[in-house]
Amino acid sequence: FADKNYGISPLVIGTVIVTVIASAIGLPLGLGCAIYLSEFASDRARRTITPILEILAGLPTVVLGYFALLF
């Protein structure tokens, strides 16, 4: 609590840090899922996984964040 930072720089730095962490997690995971579904998955697996991913993509991130906060 001793070092107080006010202004726009903590907001910008915090936003950049969160963006980098989210990209480091989301990009490899999303790219891996896309490559698996397009190249390696069987038709049955593709028919099962694709609708689930589309439902997850349709949920707002606020809802997912609230769900993660609760659990």
Side-chain angles (χ1 to χ4, degrees):
F1 294 106
D3 187 22
K4 305 266 189 216
N5 291 327
Y6 298 105
I8 191 92
S9 64
L11 295 173
V12 172
I13 292 170
T15 301
V16 170
I17 290 172
V18 168
T19 302
V20 167
I21 293 171
S23 296
I25 295 170
L27 286 174
L29 189 64
L31 190 61
C33 286
I35 291 172
Y36 173 74
L37 284 175
S38 65
E39 299 293 330
F40 302 113
S42 65
D43 286 334
R44 182 177 179 191
R46 192 176 296 129
R47 281 184 282 139
T48 304
I49 296 172
T50 302
I52 294 170
L53 290 176
E54 289 175 356
I55 289 172
L56 285 175
L59 289 175
T61 56
V62 173
V63 173
L64 294 176
Y66 184 69
F67 181 76
L69 184 66
L70 289 178
F71 293 100

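Values reported hereafter were calculated over all heavy atoms of this structure, with side chains retained and with hydrogens, waters and symmetry mates removed. In this chain, numbering begins with 1 at the start of the sequence shown.
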> Which residue pairs pass the salt bridge (Lys or Arg N to Asp or Glu O under 4.0 Å) test with at least one member in residues 45-71, sequence neighbours excluded?
Replying inline: D43-R46
> Who passes side chain to side chain contact (heavy atoms under 4.5 Å, CB included) against Y36, sequence neighbours left out?
Replying inline: F40, A41, A45, I49
> Under the side chain to side chain contact (heavy atoms under 4.5 Å, CB included) test, which residues partner T19, sequence neighbours left out?
Replying inline: T15, S23
> Listed by chain and number, what are the side chain to side chain contact (heavy atoms under 4.5 Å, CB included) partners of I21, not counting sequence neighbours?
Replying inline: I17, I25
Return a table of donor-acceptor pairs under 3.5 angstrom between the side chains of residues 55-64 and protein atoms on other chains or two or more places apart.
none

> V18 and I13: same hydrophobic cluster, using ILVMFWY side-chain contacts below 4.5 Å?
Replying inline: no
> Which pairs count as ring-ring contact (aromatic ring centres under 6.0 Å, His included) when at least one residue sits in residues 43-70, sequence neighbours excluded?
Replying inline: F67-F71
